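This report concerns only the one structure given below.
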Amino acid sequence: VPGYGDSPPVEMALTAQGRMAFLDRVLQELGMQRPVLISPSMSGRFALPFLLAHGDRLAGFVPIAPVGTKDFTAEQYRAVQTPTLILYGDRDTGLAPQALQNLQHLPKHRVAVLSGAGHACYLDKPEDFHRALLGFLRQLK
């Protein structure tokens with residue numbers, strides 16, 4: 001995610017509109033047609049504005065306890081028709097419950113909880129994570 005960790009800051013990433021445009025540009029540059037967008041943690045600041053504005057351009061969405069879910073209303077979430085797998089570890093007691101509370105308004109969602117996993121559930125329980133993800137991807141076909 002630009003501006004986090006050791007990555008350089010990106011001017012356009014300062015606003016939700018700019019972050020959405022940045023992600024749009026990345027997807028265009030990669031030539032991606034209806035990708036599945038996987039959004040762990042801080043990437044929610046990019047993925048959520050994109051989902052709400054351009055969810056129809058995604059084949060699916062996989063939020064993993066993303067930040068920024070409270071920035072949008074239940075009505076905004078209800079308007080999104082993108083198939084969604086809400087994924088989190090049951091030991092993530094900080095961000096995951098808040099994200100779930102907001103994301104459960106997405107009409108085409110299902111939830112996968114990884115037992116014994118924390119915030120970075122894909123690192124804590126990689127086999128369980130991949131099993132849930134692959135099951136979701138198969139269902140999209």
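The model shown is predicted, which means the values in this text are computed figures rather than measured ones.
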Check: Should Val111 and Leu137 be regarded as members of a common hydrophobic cluster, given that ILVMFWY residues are connected when their side-chain heavy atoms come within less than 4.5 Å of each other, either directly or indirectly?
Finding: no
Note to self: Please give me the minimum heavy-atom distance between Pro66 and Ser39, naming the atom from each residue.
What the structure shows: CB-O, 3.8 Å
Note to self: Which heavy atom of Cys121 sits nearest to which heavy atom of Ala117, and what is that distance?
What the structure shows: CB-CB, 3.6 Å
Notebook entry, point to check: Run the side chain to side chain contact (heavy atoms under 4.5 Å, CB included) check on Thr69 and Gln101 step by step: do they pass?
Noted result: CA-CA 9 Å; Thr69 61; Gln101 181 180 2; over 6 Å; no
Check: To the nearest 0.5 Å, what is the distance between CG (Leu103) and CD1 (Ile86)?
Finding: 5.0 Å
Margin query: Assigning hydrophobic clusters by single linkage (Ile, Leu, Val, Met, Phe, Trp, Tyr; side-chain heavy-atom cutoff under 4.5 Å), is Tyr88 placed with Phe129?
Written below: no
Item checked: Salt bridge Arg34-Asp56, side-chain N to carboxylate O under 4.0 Å -> no
Next item on the list: Give the C-alpha distance, both sets of side-chain angles, the deciding distance and a yes or no for side chain to side chain contact (heavy atoms under 4.5 Å, CB included) between Leu37 and Val62.
Entry: CA-CA 6 Å; Leu37 185 58; Val62 183; over 6 Å; no
Check: From Asp128 CG over to Leu87 CG, what is the distance, rounded to the nearest 0.5 angstrom?
Finding: 10.0 Å
Item checked: Leu23 vs His54 side-chain heavy atoms within contact, under 4.5 Å -> no
Check: Do Ser41 and His119 come within less than 4.5 Å of each other through their side chains, counting heavy atoms only?
Finding: yes
Next item on the list: Evaluate side chain to side chain contact (heavy atoms under 4.5 Å, CB included) for Ile38 paired with Leu133, printing each intermediate quantity in order.
Entry: CA-CA 10 Å; Ile38 299 175; Leu133 180 59; 3.9 Å; yes
Notebook entry, point to check: Distance from Gln98 atom CD to Thr93 atom OG1, nearest 0.5 Å?
Noted result: 12.0 Å
Next item on the list: Answer yes if Leu51 and Val36 sit in the same cluster of Ile, Leu, Val, Met, Phe, Trp and Tyr residues linked by side chain heavy atoms under 4.5 Å apart, and no otherwise.
Entry: no
Next item on the list: Specify whether Tyr77 and Phe72 have parallel, tilted or perpendicular ring planes, treating 30° as the upper limit for parallel and 60° as the lower limit for perpendicular.
Entry: perpendicular
Margin query: With heavy-atom distances below 4.5 Å as the criterion, would you say the side chains of Val67 and Arg45 are in contact?
Written below: yes
Check: Is the shortest side-chain N to carboxylate O distance from Asp124 to Arg91 below 4.0 Å?
Finding: no
Check: Between the side chains of Arg110 and Gln139, does any donor sit under 3.5 Å from an acceptor?
Finding: yes
Notebook entry, point to check: Are Leu123 and Leu85 grouped together when hydrophobic residues (ILVMFWY) are joined by side-chain heavy atoms under 4.5 angstrom apart?
Noted result: yes
Check: Would you say Arg138's side chain and Leu134's backbone share a donor-acceptor pair under 3.5 angstrom?
Finding: yes
Item checked: Student check: side-chain heavy atoms of Pro83 and Phe136 closer than 4.5 Å -> yes
Check: Shortest non-hydrogen contact from Thr84 to Pro63?
Finding: CG2-CD, 3.5 Å
Next item on the list: Can you establish whether the number of heavy atoms outside Gln28 located under 6.0 Å from its atom CD is more than 12?
Entry: yes
Next item on the list: Take Leu106 and Thr82, measure what side chain to side chain contact (heavy atoms under 4.5 Å, CB included) needs, and give me the verdict at the end.
Entry: CA-CA 8 Å; Leu106 292 166; Thr82 308; over 6 Å; no
Note to self: Quick check for you: to the nearest 0.5 Å, what is the distance between Ile64 atom CD1 and Leu114 atom CG?
What the structure shows: 8.5 Å
Item checked: Common cluster, Phe61/Phe22, ILVMFWY with side-chain heavy-atom separation under 4.5 Å -> yes
Notebook entry, point to check: Should Arg131 and Glu127 count as an ion pair when the cut-off is N to O under 4.0 Å?
Noted result: no
Notebook entry, point to check: Distance from Leu48 atom CG to Lys70 atom NZ, nearest 0.5 Å?
Noted result: 11.0 Å
Check: What are the two closest heavy atoms between Gln81 and Pro107, and how far apart are they?
Finding: NE2-CG, 3.5 Å
Item checked: Approximate separation, where rounding is to 0.5 Å, of Gln76 CD and Asn102 CG -> 11.0 Å
Note to self: Do Arg57 and Asp24 have side chains that approach each other closer than 4.5 Å (heavy atoms only, starting at C-beta)?
What the structure shows: yes
Item checked: Shortest non-hydrogen separation from Ala96 to Gly89 and the atoms involved -> CB-O, 4.5 Å
Check: Do the non-hydrogen side-chain atoms of Pro35 and Leu27 ever get within less than 4.5 Å of each other?
Finding: yes
